[in-house]
Amino acid sequence: MSGRRSLSVVLLAVFTGLAPAALATPAPSPEVSALLTSASAFDVATGLRALAGTPSPGLEDALYAAAQRPEAELSSAALDLLAQTGDARAVDLLEAALRSLDPARVSVACVWLPRFGALGLDAAERLVDDPDPVVRRATRRTLAWFPPSPEVQTLVERVAAGMPAVAASRLADGATHRR
């Protein structure tokens, strides 16, 4: 009787969606897999849309690959989705995005890098002394999204030290009163 009960519970879980992820998540179809590895940005975007909202094995790998593509719109959307999964590989891509000239990628990085905690803060620290003032400004915006801490305050002070007095004052106000 116990064996039947266990089987019934498993079947009920499968039909109600309460089954473990391994039972509930099918692998992407060969057609979707082909779209994800296509040379066409349109095909990759179509494949990612087909997987949207469906946990799929290999989704993070597909997002990681798409986030490195040269098409700005596709790569920034893929980077945004990859960061939302919490995949730690996104941190390096977010750091590179802050150095990019693409406003969409910079914006994605400013918002998501702080969500990676210490890994994100390490990346921001590497960017604080970047010789490019545009990168330092993007880093300044990113630091404002981190929860207040002594480490963040130290980085804010380092960024402010290399900025004109008015901008440094605004940075300090924004970083200390953000949350």
Side-chain angles (χ1 to χ4, degrees), residues 28 35-149 151-164 167-168 170-172 174-176 178-179:
L35 288 171
L36 293 173
T37 57
S38 171
S40 162
F42 178 80
D43 288 348
V44 173
T46 302
L48 291 174
R49 275 194 295 276
L51 292 176
T54 309
S56 297
L59 176 60
E60 287 87 358
D61 293 337
L63 291 170
Y64 182 76
Q68 296 177 70
R69 292 183 60 108
E71 301 89 3
E73 189 174 330
L74 175 63
S75 67
S76 62
L79 180 57
D80 184 40
L81 293 170
L82 179 65
Q84 290 179 48
T85 69
D87 189 319
R89 294 178 296 175
V91 173
D92 290 335
L93 296 176
L94 292 167
E95 182 179 344
L98 278 174
R99 287 190 171 109
S100 78
L101 298 176
D102 178 43
R105 291 180 57 78
V106 171
S107 181
V108 166
C110 287
V111 171
W112 284 107
L113 196 60
R115 306 284 172 99
F116 286 89
L119 288 175
L121 194 58
D122 288 345
E125 184 174 12
R126 289 189 292 272
L127 296 166
V128 164
D129 297 318
D130 192 283
D132 186 344
V134 174
V135 174
R136 288 194 309 273
R137 269 188 301 234
T139 304
R140 173 187 73 204
R141 287 194 338 227
T142 303
L143 288 170
W145 288 96
F146 279 93
S149 72
E151 294 83 9
V152 171
Q153 187 59 38
T154 298
L155 292 179
V156 167
E157 290 167 4
R158 280 179 50 196
V159 170
M163 298 174 60
R170 288 184 189 153
L171 170 62
T176 57
R178 178 96 185 161
R179 295 179 198 225

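Ser107 places no side-chain N or O within 3.5 Å of a backbone atom of Pro103 that could act as its donor or acceptor partner.
Heavy-atom minimum distance, Phe116 versus Asp87: CE2-O, 3.5 Å. Nearest heavy atom pair, residue Leu119 against residue Val91, reads O-CG1, 3.7 Å. Counting all heavy atoms, side chain and backbone alike, Ala90 lies closest to Leu79 at O-CD1, 4.3 Å. A pairwise comparison of heavy atoms in Ala72 and Ser75 identifies O-OG, 3.2 Å as the closest pair. Residues Thr139 and Val128 come closest through the heavy atom pair CG2-CG2, 4.0 Å. The minimum heavy-atom distance linking Arg105 with Ala97 is given by the pair O-CB, 3.5 Å.
Atom CD of Gln68 has more than 12 neighbouring heavy atoms from other residues, nucleotides or ligands inside a 6.0 Å radius.
Here Arg141 contributes atom CZ and Cys110 contributes atom SG; the two are 4.0 Å apart, rounded to the nearest 0.5 Å. The CD atom of Glu95 sits 11.0 Å away from atom OG1 of Thr142, with the distance rounded to the nearest 0.5 Å. Atom CG of Leu93 and atom OG of Ser76 lie 12.5 Å apart (nearest 0.5 Å). Atoms CZ and CH2, from Arg115 and Trp145 in turn, are 7.5 Å apart once rounded to the nearest 0.5 Å. Distance CD/Glu125 to CD/Glu151: 9.5 Å, rounded to 0.5 Å. Rounded to the nearest 0.5 Å, atoms CG (Leu59) and CG (Leu81) are 8.0 Å apart.
Using a 4.0 Å cut-off between charged nitrogen and carboxylate oxygen, Arg89 and Asp61 count as a salt-bridge pair. The pair Arg99-Asp132 fails the salt-bridge criterion, with no side-chain N (NZ, NE, NH1 or NH2) lying under 4.0 Å from an Asp/Glu carboxylate O.
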Run Leu82 and Trp112 through side chain to side chain contact (heavy atoms under 4.5 Å, CB included) and show every step you take.
CA-CA 10 Å; Leu82 179 65; Trp112 284 107; over 6 Å; no
Dump the intermediate steps for side chain to side chain contact (heavy atoms under 4.5 Å, CB included) on Arg136 and Leu127, then the final yes or no.
CA-CA 7 Å; Arg136 288 194 309 273; Leu127 296 166; over 6 Å; no
Take Leu121 and Leu143 through the test side chain to side chain contact (heavy atoms under 4.5 Å, CB included) and record every step on the way to the result.
CA-CA 8 Å; Leu121 194 58; Leu143 288 170; 4.3 Å; yes
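Ser100 has its side chain within reach of Val106: a pair of non-hydrogen atoms, C-beta onward, lies under 4.5 Å apart.
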